[in-house]
Amino acid sequence: MHQVIYTLCALTAASCAYLLLRGYRTSFDRLLLWGGLCFVGLTANNVLLILDRVVFTGIDMSTWRLCVALLAVLLLLYGLIVEGTR
């Protein structure tokens with residue numbers, strides 16, 4: 001059952017990334033870009049979670065997952081700070 005939940009989380013994050021980046025492409029609002037890039041990183045985090053917990057069970061990929069999640073959140077934080085000052 002956990003494989004289904006991990007997959008649904010990855011699909012949800014990918015859908016959010018797609019919608020945010022599509023919105024950026026039509027309106028060129030840069031906050032949509034940063035939010036979309038954050039969700040691209042969160043999608044990669046969820047894919048790494050699937051690989052870690054389902055496919056490669058003998059390998060601990062938690063450090064890589066945390067680094068990708070941190071990078072994704074830092075992208076959003078950077079976008080919020082930079083776009084908030086403009």
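Just so you know, these numbers use all the heavy atoms, side chains as well, and skip hydrogens, waters and symmetry mates.
Annotation for Cys9 and Asn46: closest pair O-ND2, 3.4 Å, computed over non-hydrogen atoms. Considering all non-hydrogen atoms of both residues, Ala17 and Gly36 come closest at CB-O, 3.8 Å. Ile50 approaches Ala10 most closely through the heavy-atom pair CD1-CB, 4.2 Å. What you find for Ala44 and Val68 is that their closest heavy atoms are CB-CG1, 4.0 Å.
Connection of Val54 to Val4 is not established within any shared hydrophobic cluster, with ILVMFWY side chains joined at heavy-atom distances below 4.5 Å, either directly or through further cluster members. Leu66 and Tyr6 are not part of a single hydrophobic cluster, where members link through side-chain heavy atoms under 4.5 Å apart. By the rule that hydrophobic residues join a cluster once side-chain heavy atoms approach within less than 4.5 Å of another member, Phe39 and Leu70 end up as members of separate clusters. Under the 4.5 Å side-chain heavy-atom criterion for grouping Ile, Leu, Val, Met, Phe, Trp and Tyr, Leu11 is not connected to Val47 through any hydrophobic cluster.
How far CG of Leu8 is from CD1 of Ile5: 8.0 Å, rounded to the nearest 0.5 Å. To the nearest 0.5 angstrom, Thr43 atom OG1 is 12.5 Å from Leu49 atom CG. Between the CG atom of Leu21 and the OG1 atom of Thr26 there is a distance of 11.0 Å, given to the nearest 0.5 Å. Interatomic distance, Leu71 CG to Leu76 CG, rounded to the nearest 0.5 Å: 11.5 Å. Atom CG in Leu48 sits 12.0 Å away from atom CZ in Arg53 (nearest 0.5 Å).
For the pair Asp29/Leu32, a side-chain contact is recorded, criterion being any heavy-atom separation below 4.5 Å from C-beta on. Looking only at side-chain heavy atoms (C-beta outward), Leu80 and Trp34 stay at 4.5 Å or farther from each other.
Without hydrogens or angle criteria, Asp52 side chain to Met61 main chain gives a donor-acceptor distance under 3.5 Å.
Considering Leu33, Leu37, Leu31 as possible partners of Tyr24, the one that fulfils the side chain to side chain contact (heavy atoms under 4.5 Å, CB included) test is Leu33.
A donor-acceptor contact under 3.5 angstrom links the side chains of Ser62 and Asp60, judged on distance only.
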